[in-house]
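What follows is a short report on a single structure.
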Amino acid sequence: MKKQVIEYAGVPVGIVVPDEDRLKFIAVKYHVHDLDEQRFRSTDEVKLAIRDLLIRQQAKPIHV
């Protein structure tokens, strides 16, 4: 496998590249930067992590 673009909600947010027996996520959008360089077993696992991250970000209270 070579690098593969990861899209979320139709928007490219990063790529995965093979890294030993895993896939390393490289974020290209700021809102998924917390996942940058993390390793995953599959692209489905990456997409679930992105979804979970974005849900957590939306749940955070905004302080003025």
Side-chain angles (χ1 to χ4, degrees):
M1 173 188 189
K2 295 184 180 181
K3 68 181 177 183
Q4 180 178 344
V5 174
I6 299 295
E7 292 185 1
Y8 187 80
V11 177
V13 295
I15 63 169
V16 290
V17 294
D19 186 43
E20 298 179 14
D21 63 338
R22 301 279 180 146
L23 298 172
K24 181 167 66 170
F25 180 70
I26 308 297
V28 296
K29 294 290 186 181
Y30 180 75
H31 61 280
V32 296
H33 191 263
D34 288 349
L35 300 175
D36 191 47
E37 296 196 17
Q38 289 190 29
R39 286 153 181 81
F40 299 91
R41 290 182 292 249
S42 68
T43 56
D44 287 338
E45 188 177 36
V46 175
K47 291 175 184 179
L48 286 173
I50 293 168
R51 184 200 67 192
D52 292 346
L53 174 66
L54 296 179
I55 288 170
R56 285 193 311 272
Q57 288 174 350
Q58 290 176 352
K60 289 181 181 178
I62 299 173
H63 298 286
V64 181

Spacing of CD belonging to Gln38 relative to CG belonging to Asp19, to within rounding of 0.5 Å:
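Nearest 0.5 Å value for the CD-CG distance: 12.5 Å.
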Side-chain hydrophobic cluster, 4.5 Å single linkage: members besides Leu48
none
Within a strict 4.5 Å, meaning less than it, do heavy atoms of the Leu35 and Leu53 side chains meet?
yes
Taking side chain to side chain donor-acceptor pair (under 3.5 Å) as the definition, give me every residue that meets it alongside Glu45, ordered by chain and number, with sequence neighbours left out.
Arg41
Starting from Ile15, can I reach Val13 by hopping between I/L/V/M/F/W/Y residues whose side chains sit under 4.5 Å apart?
no
Would you kindly confirm whether Ile6 and Leu54 end up in one hydrophobic cluster when ILVMFWY residues are joined by side chain heavy atoms under 4.5 Å apart?
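Yes, same cluster.
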List the atom pairs, donor and acceptor, that lie under 3.5 Å between side-chain atoms in residues 21-33 and the rest of the protein, sequence neighbours left out.
none

